[in-house]
**Student:** 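Right, I'll just put the structure down here and ask away after.
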Number of protein chains: 2
Amino acid sequence: MTDSSDKKYPVPTIRRLPSYLRVIKALDFEGREFVSATDIANELGIDSIKVRKDLAYTEATGKPRVGYRITELMHGIRSIIGWDRNSEAILVGAGCLGSALLGFPGFSKRGLNFVAAFDADREKYGTYVHECEIKPIEELEKFITERLIEIAVLTVPSFAAQQVTDRLVNAGIKGIWNFSPVRLKVPPSVVVQSENLMSGLAVFMVRMARGAE
Amino acid sequence: MTDSSDKKYPVPTIRRLPSYLRVIKALDFEGREFVSATDIANELGIDSIKVRKDLAYTEATGKPRVGYRITELMHGIRSIIGWDRNSEAILVGAGCLGSALLGFPGFSKRGLNFVAAFDADREKYGTYVHECEIKPIEELEKFITERLIEIAVLTVPSFAAQQVTDRLVNAGIKGIWNFSPVRLKVPPSVVVQSENLMSGLAVFMVRMARGAE
DNA sequence: TAGATTGTTAATCGATTAACAATC
DNA sequence: TAGATTGTTAATCGATTAACAATC
C-alpha cells in the first residue's frame with residue numbers, strides 16, 4: 001500500500017498543489033533553500049492559512065520562523081499528485097485538441113508519456129504529431145493489451161466518445177482523462193476524469209456580465 | 001441593469017449549467033417538450049435535488065408532475081451564462097493550444113467569436129488558422145482600440161503572459177480567459193478567468209493511485 | 001530573548017442533501 | 001383522485017477562515 005492509497009486528500013487541495021509546485025520550483029531555480037506558506041500565498045494571491053493547511057497533507061514538515069525546505073516540499077507535493085512516477089498513456093482522437101495535447105511538453109515533464117495516438121482518419125496513419133505516431137483506431141485493443149497501457153486521454157468527437165470508451169475499458173484501460181463533453185459510462189473500477197472547457201467559459205461570461213468584483 | 005448583474009449565482013451552479021443545456025438540447029432535438037429535474041439528473045448521474053435547486057436560479061418555472069418547458073429552460077440557462085449574446089474576442093498566442101481553440105466550433109456557437117489572433121512569430125503573419133487571420137503582435141493595441149474588443153483569450157508561453165496582459169489591459173481589454181499557468185496581475189476592473197489543465201491532471205493521478213472508488 | 005511561522009483546534013461560511021408542503 | 005414533481009426551508013457536510021499554543 002502506497003502513501004496515497006489510504007489517505008484522503010480533499011479535491012480543492014489537490015487542485016492547488018500544482019500551483020504551489022510551480023512557485024517553489026521557481027524559487028528553487030533562484031537558489032532559495034526555504035519557503036514559507038506566506039511566501040507561496042503572497043505569490044499566488046491566496047490565503048496563507050489555506051496554503052499551510054494544504055502543505056500539512058504533504059510529508060514535508062516546516063520549521064517555525066524558517067518555513068519548509070524547498071527540496072523536501074517539492075518531493076512531498078510530487079509524491080501526492082504522482083508526478084514523481086512515470087506512466088505510459090495513449091491518446092485517442094488526434095484532432096485539433098488532441099494534437100495540441102500531444103505537443104504539450106508539460107505532460108511528459110510530469111510523468112505522463114504519450115506512447116501512441118489513435119485516430120479514425122486513414123490519412124493520418126503513420127504520420128507523427130510531436131514525435132508521437134498516429135495509428136489506426138483498429139489497432140487500439142492490440143496496442144493496449146500488448147503494452148499494458150492503463151491510461152487513455154480521450155479527445156474524440158462527442159458522438160464517438162462512449163463507443164471508444166467501451167473499447168478502451170474492454171482492452172484493460174484503468175483511467176480515462178476525458179476531454180469530450182459527454183458523461184462516460186464505465187465500470188466502477190475505471191477512473192474517469194472529465195475536463196469541461198465550457199464550464200470555464202460559463203463562469204467567465206457570468207463574471208464578465210457582473211463586471212469585475 | 002441586466003438580469004445577471006444584480007443576482008449572485010454560485011460558481012458550482014454556473015459550472016453545471018452547460019451540462020444541463022447539453023442534455024436538454026438533445027431532448028429538444030428528439031422532439032421532447034418538457035423535462036424534469038430527475039430526467040436531467042439521471043442522464044448526468046448526479047442528484048436531482050441539486051439540479052432542481054440549480055434550475056431555480058433560472059427564469060424558467062416548472063410544473064409539478066410535468067417538469068420544465070424545454071424551450072423556456074434553454075433560454076433561461078443561456079441567459080444566465082451569456083450564451084444568448086454575441087461577443088467579439090481576440091486570441092493571443094497562436095501556438096498548439098491557441099490554434100486548437102481557434103478551431104473549436106463550440107465557442108462561436110456559444111457567442112464567443114474570434115475576430116483575430118496575434119502571435120510573435122513572423123512566419124505566421126497573414127496565415128489563417130480556421131478562418132482566423134494571424135496578425136503581428138505589434139498590431140495588438142491598434143486592433144483592440146479600433147474594434148473596441150473587450151475579451152482576450154491568452155495562450156502565450158508563461159514567460160510572456162504578464163507582459164502581454166499589461167498590453168491588453170492598457171488597450172482596454174475587460175476580460176482575459178487565461179490558459180497560461182501564471183497568476184496575472186490586473187486592475188480590479190478587469191476579469192481574469194484562469195484554466196489550469198495541471199489541476200485536472202493532478203486530481204486524475206491521485207484518483208488513479210487510489211484506484212477507482 | 002523576541003517574534004515570525006508552524007501545526008492544530010475551533011468557528012464560520014457556503015454548498016449539498018434531506019424533508020415536506022404545495023400543486024398540477 | 002392519487003401521486004409525481006416543484007419550490008423552499010431545514011439539516012448536514014465539508015472547506016475556508018480564524019485563533020492560538022508550540023517552537024525555532
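Letters A, B, ... mirror the listed sequences (proteins, then strands); counts begin at 1.
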**Student:** For B:Ile81 versus B:Pro18, what's the shortest heavy-atom pair and its separation?
**Tutor:** CD1-CG, 4.4 Å
**Student:** Which heavy atom in B:Gly93 sits nearest to a heavy atom in B:Asp119, and how many Å separate them?
**Tutor:** C-OD2, 3.6 Å
**Student:** Expected output check: what is the dot-bracket annotation of DNA chain D, where ( ) and [ ] are pairs inside the strand (brackets for crossing ones), | is paired with another strand, and pairs are Watson-Crick or G-U under 3.5 Å?
**Tutor:** ..||||||||||||||||||||||
**Student:** To the nearest 0.5 angstrom, please state how far the CD1 atom of A:Ile70 sits from the CD atom of A:Glu30.
**Tutor:** 9.0 Å
**Student:** Let's see if you get this right: which residues in residues 18-40 of chain A place a heavy atom under 4.0 Å from DNA chain C?
**Tutor:** A:Ser36, A:Ala37
**Student:** What are the two closest heavy atoms between A:Lys185 and A:Gln162, and how far apart are they?
**Tutor:** N-OE1, 2.8 Å
**Student:** Choose from C:dC24, D:dT16, D:dG7 the nucleotide whose nearest atom is closest to any side-chain atom of B:Lys63.
**Tutor:** C:dC24
**Student:** Between B:Arg110 and B:Trp83, is NZ or CZ placed under 6.0 angstrom from the six-membered ring centre and within 45° of the ring axis?
**Tutor:** yes
**Student:** Are B:Tyr68 and B:Arg52 packed together at the side-chain level, in the sense that at least one heavy-atom pair is separated by less than 4.5 angstrom?
**Tutor:** yes
**Student:** For B:Arg167 and B:Glu141, what are the C-alpha separation, side-chain angles and deciding distance, and is it a salt bridge (Lys or Arg N to Asp or Glu O under 4.0 Å)?
**Tutor:** CA-CA 7 Å; B:Arg167 292 178 61 181; B:Glu141 286 85 353; 2.7 Å; yes
**Student:** To the nearest angstrom, how far is B:Asp54 atom CG from D:dT6 atom P?
**Tutor:** 13 Å
**Student:** At under 4.0 Å between heavy atoms, what does B:Thr13 touch on the DNA or RNA strands: base, sugar-phosphate, or nothing?
**Tutor:** nothing
**Student:** I need the NZ-C1' distance between B:Lys50 and D:dT8, as an integer number of Å.
**Tutor:** 18 Å
**Student:** Out of curiosity, B:Leu55 CG to B:Thr13 OG1, how far, rounded to the nearest 0.5 Å?
**Tutor:** 9.5 Å
**Student:** Say you draw a straight line from CG of A:Leu112 to CE of B:Met198; how long is it, rounded to the nearest 0.5 Å?
**Tutor:** 9.0 Å
**Student:** Could you state the atom-to-atom distance from CD of A:Glu72 to P of C:dT6 in whole Å?
**Tutor:** 13 Å
**Student:** What is the distance, to the nearest angstrom, from the CZ atom on B:Arg65 to the P atom on D:dG7?
**Tutor:** 16 Å
**Student:** Looking only at heavy atoms, which two atoms of B:Ile80 and B:Tyr57 are closest? And how far apart?
**Tutor:** CD1-O, 3.5 Å
**Student:** Grab the N/O contacts between the protein and nucleotides 18-22 of chain C below 3.5 Å, and write none if there aren't any.
**Tutor:**
residue	atom	partner	partner atom	Å
C:dA19	N6	B:Arg52	NH2	3.3

**Student:** Check the angle between the aromatic planes of A:Phe104 and A:Phe107 and answer parallel, tilted or perpendicular using the 30° and 60° thresholds.
**Tutor:** perpendicular
**Student:** Of B:Thr61 and A:Val11, whose nearest nucleotide on DNA chain D comes first from the 5' end?
**Tutor:** B:Thr61
**Student:** Starting from P on D:dC13, measure out to NZ on A:Lys8 and report it in whole angstrom.
**Tutor:** 15 Å
**Student:** Please state how far atom CG in B:Asn42 lies from atom C1' in D:dT5, giving the value in whole angstrom units.
**Tutor:** 13 Å
**Student:** Just N and O in the side chain of A:Tyr68: are any of them under 4.0 Å from OP1 or OP2 of C:dG7?
**Tutor:** yes
**Student:** Hey, does the side chain of B:Tyr9 come within less than 4.0 Å of C:dG14's phosphate (OP1/OP2), counting only N and O?
**Tutor:** no
**Student:** At under 4.0 Å, does any side-chain N or O of B:Arg16 touch on OP1 or OP2 of C:dT16?
**Tutor:** yes
**Student:** Measure across B:Ile176 and B:Ile173 and return the closest heavy-atom pair with its distance rounded to 0.1 Å.
**Tutor:** CG1-CG2, 3.9 Å
